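Convention: sequence-line order gives letters A, B, ...; per-chain numbering from 1. This is a predicted model, so every value here is computed, not measured.
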Amino acid sequence: MHHWLMKSEPDEFSFQELERKGKEPWTGVRNYQARNFMRSAKVGDLVLFYHSNCDEPGIIGVAKVSKEAFDDPTQFEPKSDYYDAKSTKDNPRWSCIEVSFHQGFKRLVSLPDLRNSAALSDMLILRPGNRLSVTPVTAAEFKAIAGLGGLKK
DNA sequence: GCCAACGTTGGC
DNA sequence: GCCAACGTTGGC
């Protein structure tokens with residue numbers, strides 16, 4: 001089992017919205033590295049949900065992979081922001097996964113919290129200039145972050 | 001709104 | 001295949 005971290009701008013799609021809807025297809029990823037990470041995700045993998053580009057950036061809870069990679073339908077929709085004219089149904093470029101709500105944290109694990117934790121010093125998300133919206137997280141990192149956030153039960 | 005750090009594109 | 005120009009991300 002792998003662990004992941006996925007970023008979302010709460011103005012676009014928040015963790016609260018995921019809780020309300022229950023599940024969501026993670027479409028619109030247009031970065032090859034992030035795509036490849038999604039392609040290696042398995043059903044049941046846990047996902048740290050990170051709110052970016054907002055007042056308080058940080059990890060707000062945990063989602064779960066509920067469908068493995070499939071063709072991202074938005075790449076074929078000319079009206080979509082994520083339309084890719086170079087992608088064909090015979091040879092699609094972009095994949096997405098479906099994620100489901102799992103559990104919220106008792107408290108936000110903020111970006112400063114992450115930076116202050118010695119156990120998290122190697123996290124990809126903390127590296128300068130890292131803009132990947134999907135990154136792998138080690139089991140130890142996941143455990144440390146869940147400890148800081150405190151899972152609701 | 002600024003800007004650093006990237007990824008992508010396209011001319012050559 | 002190089003690399004300059006451009007676009008995007010995301011913290012501050």
How does protein contact run along nucleotides 2-12 of chain C, one letter per nucleotide 5' to 3', with B for base contact, S for sugar-phosphate only, - for none, heavy atoms under 4.0 Å? -----BBBBBS
Tell me which one of A/L48, A/T135, A/I59, A/V134 satisfies side chain to side chain contact (heavy atoms under 4.5 Å, CB included) with A/M6.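 With A/M6 as partner, side chain to side chain contact (heavy atoms under 4.5 Å, CB included) holds for just one option, A/V134.
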Transitive ILVMFWY cluster of A/F70, excluding itself - 4.5 Å side-chain cut-off: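 Under the 4.5 Å side-chain rule, A/F70 groups with nothing.
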A/E56 atom CD, neighbour heavy-atom count above 12 within 6.0 Å: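 Not buried by this count: 12 neighbours or fewer within 6.0 Å.
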Exam field: side chain A/H51 to backbone A/F15, donor-acceptor pair closer than 3.5 Å: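 The answer is yes, because a donor-acceptor pair under 3.5 Å joins these two groups.
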Working to the nearest 0.5 Å, report the span between CD1 of A/I97 and CG of A/D45.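 Interatomic distance, A/I97 CD1 to A/D45 CG, rounded to 0.5 Å: 8.0 Å.
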First of A/G129 and A/Y32 reached from the 5' end of DNA chain B, by closest nucleotide: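 Nearest nucleotide further toward 5': that of A/G129.
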Tell me which of A/R93 and A/R127 sits closer to the 5' end of DNA chain B, going by the nucleotide each one is nearest to.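 Per heavy-atom nearest nucleotide, the more 5' residue is A/R127.
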